[in-house]
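Any value given below was found using the heavy atoms of this structure, including those in side chains, with hydrogens, waters and symmetry copies removed. Positions are given from 1 along the sequence.
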Amino acid sequence: MNLSILIPLLNEEESLNELYNWIIKVMHSHNYSYEIIFLDDGSTDNSWTIIEGFANENPHVKGVRFMKNFGKSQALHAGFAKAQGDVIITMDADLQDSPEEIPGLYDMITNGKYDLVSGWKKKRYDSVVAKNLPSKLFNWAARKTSGVELNDFNCGLKAYKNIVVKNIEVSGEMHRYIPVLAKNAGFGKIGEKVVQHQARKYGETKFGMERFINGFLDLITIWFLSRFGKRPMHLFGAMGSLMFIIGFTLAGYIGISKLYHMYNDMRYSLVTNNPWFYIALTTMVLGTQLFLAGFLGEIILRTKNNEERYKVSSEVNFL
């Protein structure tokens with residue numbers, strides 16, 4: 001199978017018919033073998049009924065429906081697990097991503113030998129203050145932190161080799177950082193393609209300004225996990241040991257200093273009257289806690305079980 005097209009959605013009943021017909025037109029004009037997987041993230045409108053209608057008339061259309069809204073990352077995780085195509089395309093359901101870009105993305109994966117190609121909405125039709133400027137700042141921070149040179153991490157239109165999506169773990173709200181996850185997994189051939197951005201035709205965006213705040217927090221998380229996620233003891237254990245040694249050395253100096261003054265009949269004060277004693281004590285306590293945090297992190301990594309982060313209520317056209 002050439003293509004798996006994954007479409008996560010939430011309450012997009014108005015745009016689904018137009019999007020479906022547009023994708024089918026592109027598939028037929030290029031003679032692709034394909035599957036379209038709609039990932040309904042707990043829609044409360046008629047989106048799922050429409051998807052079932054597509055599936056009844058076209059066996060290449062498949063659907064997964066969540067019991068409630070679990071988030072875009074969880075929807076993509078479910079889609080990646082189901083996808084069978086040699087190339088996986090992800091796109092949003094709001095018609096802001098053009099299906100006409102699919103052949104170009106497909107060629108870059110199959111002929112350009114890329115592992116992943118991300119769309120770049122160079123010309124946008126969003127609010128400059130509410131979306132464009134925060135997005136530029138967010139993308140700059142993501143480039144500097146991750147080392148992945150992309151101009152638009154947030155673009156939902158992306159193409160992947162099948163092996164990429166089978167070897168990355170998308171959780172929380174990490175869908176923005178799939179290129180970073182791919183790089184950390186060993187897939188370094190990451191490209192970018194300028195794609196057409198269309199003004200939203202129906203409904204309203206499901207993401208507000210809080211997505212940028214969450215995005216920066218997720219960026220810090222993924223930076224930490226990429227460096228210490230498999231070895232938390234290397235960070236917390238090292239910091240804890242260093243702090244404990246500093247505190248212990250300082251406490252030892254205070255004790256030896258007092259004994260020296262006592263032995264030589266020099267003036268001395270109680271250890272508890274010395275502010276450095278409390279600094280040393282606090283440093284040793286914090287060092288011990290950091291060391292234990294690293295130790296517990298190692299235990300959790302070795303005993304965790306990968307339970308599902310979402311619940312599926314319905315599926316169509318999956319064997």
Side-chain angles (χ1 to χ4, degrees), residues 70-71 73-74 76-77 137-138 140-148 153 164 166-188 210-263 266 268-310:
F70 286 96
S73 291
Q74 279 56 248
L76 288 175
H77 183 275
L137 178 61
F138 166 80
W140 174 84
R143 283 194 300 272
K144 295 299 181 183
T145 304
S146 68
V148 178
F153 283 82
V164 175
K166 301 302 183 183
N167 285 280
I168 57 176
E169 187 76 14
V170 186
S171 60
E173 293 187 28
M174 294 298 181
H175 58 272
R176 304 176 181 89
Y177 303 111
I178 292 179
V180 183
L181 296 174
K183 179 189 174 186
N184 292 340
F187 300 101
E210 70 275 3
R211 71 172 179 164
F212 295 109
I213 298 173
N214 294 337
F216 282 115
L217 295 175
D218 288 337
L219 185 59
I220 296 171
T221 300
I222 203 169
W223 171 85
F224 174 81
L225 291 177
S226 66
R227 286 161 174 77
F228 304 106
K230 300 297 184 184
R231 52 188 194 282
M233 194 63 169
H234 286 199
L235 175 67
F236 293 110
M239 290 176 59
S241 297
L242 179 62
M243 290 187 70
F244 185 86
I245 290 170
I246 291 172
F248 186 80
T249 302
L250 189 57
Y253 172 78
I254 294 170
I256 292 171
S257 176
K258 179 179 178 180
L259 291 174
Y260 176 81
H261 282 74
M262 289 175 65
Y263 181 79
M266 298 169 64
Y268 64 88
S269 61
L270 293 173
V271 169
T272 53
N273 290 336
N274 188 337
W276 283 102
F277 169 76
Y278 296 101
I279 294 174
L281 186 62
T282 301
T283 304
M284 285 192 291
V285 170
L286 290 175
T288 302
Q289 290 180 331
L290 285 171
F291 186 89
L292 288 174
F295 183 70
L296 291 173
E298 293 283 347
I299 293 175
I300 291 169
L301 278 176
R302 284 161 173 74
T303 59
K304 71 174 183 178
N305 56 344
N306 295 317
E307 62 182 32
E308 290 294 328
R309 299 178 300 273
Y310 48 83

Got a sec, which residues hit side-chain contact (heavy atoms from CB on, under 4.5 Å) with I245, two or more places apart in sequence or on another chain?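 With neighbours one apart ignored, the set is T249.
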
Over all heavy atoms of both residues, which pair between [X] and [Y] is shortest? Give the atoms and the distance, please.
| X | Y | result |
| --- | --- | --- |
| S241 | F291 | OG-CD1, 3.7 Å |
| V164 | A182 | CG1-CB, 4.0 Å |
| G240 | L290 | CA-CB, 3.7 Å |
| I168 | I178 | CD1-CG2, 3.6 Å |
| H175 | L76 | CB-CD1, 3.7 Å |

[atom1] of [X] to [atom2] of [Y]: how many Å apart, nearest 0.5 Å?
| X | Y | atom1 | atom2 | value |
| --- | --- | --- | --- | --- |
| H261 | K258 | NE2 | NZ | 11.5 Å |
| N274 | Y253 | CG | OH | 9.5 Å |
| L242 | M239 | CG | CE | 8.5 Å |

F153 versus R143: any side-chain heavy-atom pair under 4.5 Å?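 Touching, per the 4.5 Å side-chain cut-off.
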
Where do M266 and Y260 land on the side-chain contact (heavy atoms from CB on, under 4.5 Å) test, with the steps shown first? CA-CA 8 Å; M266 298 169 64; Y260 176 81; 4.0 Å; yes

Quick one: side chains of residues 275-288, donor-acceptor pairs under 3.5 Å with protein atoms, not counting sequence neighbours, listed by atom name and distance.
unit_1	atom_1	unit_2	atom_2	d
Y278	OH	T272	O	3.0
T282	OG1	Y278	O	2.8
T283	OG1	I279	O	2.7
T288	OG1	M284	O	2.9

F187 atom CZ, neighbour heavy-atom count above 12 within 6.0 Å: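 Enclosed.
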
Once you measure the plane-to-plane angle for Y310 and F70, does it fall in the parallel (<30°), tilted (30-60°) or perpendicular (>60°) bin?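 It falls in the perpendicular class, over 60°.
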
